[in-house]
Amino acid sequence: MTVYCSGLYSGPNPSPGVGVARSIRAAHPETRIVGVDYSPGSTGLSHPVFDGLWIQRPWEELDLDLYGTRIEERLKDDDCWISGLDLECRWLAEVLPSTPCRLSPQIGALEAVRKPAEETARELGLEIPHSISMVSPDEEIAEFCAHHGWKVWLKGPWYQALPISSWQSLLWARRQLEETWPGEPLHLQTHIPGNEESVVFAAHEGELLGSRHMKKLQLTEEGKTWAGRIGETETELSGLEEKLAALLRRLRWTGGGELELVRQEGRPACLLECNPRFPAWIFGITLAGFNLPGELVAAVSGAAPQPTVATADEFVRIVTEVPLHPVYSLSPQTPRTLPDTSGKHPSGMPQLARRLARAEARVEDGLEVPARLARSLAQSASATDTPTRVDLPDRFAARAGEARRAAENAGDAHCEINLAYSIKTQPSASILQIARAHGFLAEAISEKEAGFALKLGYRPDELILNGPAKHWPALPERAFAAFADSVEEFEQLVGHISAKALRTRYVGVRFRPPGSDSRFGIALDQVDALPRLIEIARRLPPEKAVAVHFHQAYSEIGKERWERALESVLIAAAALGRYSDRPISMLDLGGGWTPPGFDLMLARLPALRQQARDRLPDLGLIVLEPGKALTQPSQMLVTRVLALRRRDDGVDAVVDASIAELPQAGVFPHPVYRREQDGWIQLGRGSDRLLGRLCMKADILRDDIALPPSLATGDKLTIAEAGGYDFSMAYDFGCG
């Protein structure tokens, strides 16, 4: 009998072929083992475990039909094939669906465990990280990332997972993986901190041959297992083996497999992915006394395996040298000036993916535009001078009204919820007047901002004074609230209040939660900060109301971290009130929400109010500052196409707008619209680019867009979501 083992690369990110072959040799010493690979550079070719080698041309050069026929001919003599390459497993399942000695799963089984394998996780009783398909609209993808604090992974269909920390890093990673795996689905998955574990198993025609649990003890920089501890699956994860057996029976699974898991303290295990082949560290299981590849070969051949003697329940990899194979010698590497990533896929899986891809690239058609948005877009159609901003005050007024109603409904007789407009977000007279008409307070971080609000009709007692320092030349004599950014400033404000140089309804401090990298606020992990604040607060007049301000942008840290940060602030605020004998009566939660994120916040306001009251029983007011969430949709930017340039893989449209008018272009996706004869369309995703007018390398408004074939020089495009910080942070450059 001959066993063919494919996937022989044995570098830092190894394939399992060598480990599988070593295990089979231990169980069936007389079996002939042939190593299969698609590159003479795969270092596992030199391992002495192989009796022979069958090296193929690279995948891009292979005649796949002929190769499939040759494999089938070799397996007719009851020889068997154990694939160590995920995509090869899939290809073999398609070209050799009825070959019994192909020891890898059928297409139906492969589809069932395809990432993110939600149904498989449910069947196994495991949790699964939140995920979103990359075919979703960019706006939904960006909100998913923001909701999870940009702690997410972009995962390839078979290999690779790239960490994502910003919209720009997501665009880069998406391009990388779409080029590597053309035509294959990608998805985003949240990062789950915890202990990484695996369950490796083997089955034949649906019958589980056995499984073992492995806890990872050491990882490489690429996250690959370097050391592990082996245990019984049932002992480590009660009930999983029985559910796994039922799943494999339903799928009629043949071959090896691996469940990659992560487990947090006190939480059920979470399934990251299910690999349809043995892992590269499979020989570690053999060392622990259970030879899964050997059992698989025995099941198909009927030959009893040699008894496996356990030598240890822990294993570690080491680097060692073996003689280089005399036929498959290696050539000296040429000098490199840039990092070489070719070793990530030495067995040519990306090349096979390109061969099997149905399309070279995915380009979306234009997306339909809802009627309400079309009415707003109609206001941009009359713009003649470009680039120009189009105000949508009705959009802001509608959002402000919704927020006001939600705040009023969420308050109760003990604790009111109010809103404040952060002037810095979009210092527009019309916006600020609408905010005041809806009962918003005004938050100012400078003397000029405070003066701007007063000129527009705000009373001094409707101002919240905030920012890194309030020692302004003309500090208002009255304000609704004033917050100190440091212990020193709190002492200064208390002095002004005691001297009656400043009259406020509330005075307080801004807290910086533990672990925050912000430069603003008083750090809660600073040992002496709270005792000093308590001592200063005691100097306040007894009737003075004390407040706490907290600002951590949801769009940067996500829902879970925001909620943890809030809880730490509430605990510190309770301590400040208790030990200073000045109970906290007002809590300002700041802003930083995305528009969808703020909608979620409005829905949970009653629960948030109760959470705060549980910690601060004297709390009578909660203030929210949703400036960004309300103003971002309140402006559009109209631009004109100046030039069209063709590239090998797309089209560049140079427009007369730039990052000077749209400084947040790289921070989140801005939808782009075009007026057609029968209405407005939103431009979809593609390989074209929208370039700004500036002589700056970074002046790229979109580099992942599908421009209409009919687009011509002089045509206008409308860029939405251009309010908020795209307005306040805009600058004059290249305007003459």
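None of F483, F520, F511, Y506 except one satisfies the ring pair (Phe, Tyr, Trp, His ring centres under 6.0 Å) rule with H549; the exception is F483. Screening D652, D703, D699 against R689 for a salt bridge (Lys or Arg N to Asp or Glu O under 4.0 Å) leaves a single residue, D652. Residue T639 is tested with D715, L690, D656 for a side chain to side chain contact (heavy atoms under 4.5 Å, CB included); the sole match is D656.
Here the CG-CG distance, from L170 to L154, works out to 6.0 Å after rounding to the nearest 0.5 Å. Summarising the geometry, atom OG belonging to S428 is positioned 9.0 Å from atom CG belonging to L456; distances are rounded to the nearest 0.5 Å. In this structure, CD1 on I659 lies 4.0 Å from OH on Y731, to the nearest 0.5 angstrom.
Taking a 6.0 Å sphere around CZ of R645, one finds it holds 12 or fewer heavy atoms contributed by other residues, nucleotides or ligands. Remark: E408 CD is packed, more than 12 non-hydrogen atoms of other residues, nucleotides or ligands lying under 6.0 Å away. Shown here is R675, whose CZ atom has no more than 12 heavy atoms of other residues, nucleotides or ligands within 6.0 Å. Within a 6.0 Å radius of CZ in F733, other residues, nucleotides and ligands contribute 12 heavy atoms or fewer.
Although no hydrogens or angles enter the test, the distance criterion places no donor-acceptor pair under 3.5 Å between the side chain of D688 and the main chain of G650. Side-chain atoms of S728 come within 3.5 Å of backbone N or O of T425 as a donor-acceptor pair. In terms of modelled atom types and a separation under 3.5 Å, the side chain of D461 and the main chain of F480 share no donor-acceptor contact. For the pair D704 (side chain) and G686 (backbone), a donor-acceptor distance under 3.5 Å is absent. Remark: side-chain polar atoms of E462 are paired, donor with acceptor, to backbone N or O of R459 under 3.5 angstrom. R389 places no side-chain N or O within donor-acceptor distance of the main-chain N or O of Q635, the cut-off being under 3.5 Å. Panel note: side chain R685, backbone P137; no donor-acceptor pair is recorded below 3.5 Å. Judged by distance alone, the side chain of T631 and the main-chain N or O of S634 form no donor-acceptor pair under 3.5 Å. Here the side chain of R702 pairs a donor or acceptor atom with the backbone of H670 at under 3.5 angstrom. The main-chain N or O of K155 is never found under 3.5 Å from a side-chain atom of K115 such that the two would form a donor-acceptor pair.
With respect to the salt-bridge test (charged N to carboxylate O, under 4.0 angstrom), the residues R175 and E179 do not qualify. Ion pairing between a basic and an acidic side chain is recognised when a charged N comes within 4.0 Å of a carboxylate O; K424 and E449 show no such pairing. Under a 4.0 Å N-O distance rule, the pair D599/R399 qualifies as a salt bridge. In this structure, D138 pairs ionically with R174, as a charged nitrogen and a carboxylate oxygen lie closer than 4.0 Å. E676 and R674 are joined by a salt bridge, as a carboxylate oxygen and a charged side-chain nitrogen come within less than 4.0 angstrom of each other.
Residues R478 and T504 form no side-chain contact, since every pair of their non-hydrogen atoms from C-beta on lies 4.5 Å or further apart.
Ring geometry, W562 versus F550: the interplanar angle falls from 30° to 60°, so the pair is classed tilted. The aromatic rings of F440 and H438 stand perpendicular to each other, their planes meeting at an angle above 60°, with 30° marking the opposite boundary. The aromatic rings of W167 and W150 sit perpendicular to each other, their planes meeting at more than 60°, with 30° as the lower class boundary.
The closest side-chain donor-acceptor pair between R404 and N418 falls under 3.5 angstrom. In the model, S658 has a side-chain atom that pairs as donor or acceptor with a side-chain atom of R693 under 3.5 Å.
The heavy-atom pair separating L644 from L711 by the smallest distance is CD1-O, 3.2 Å.
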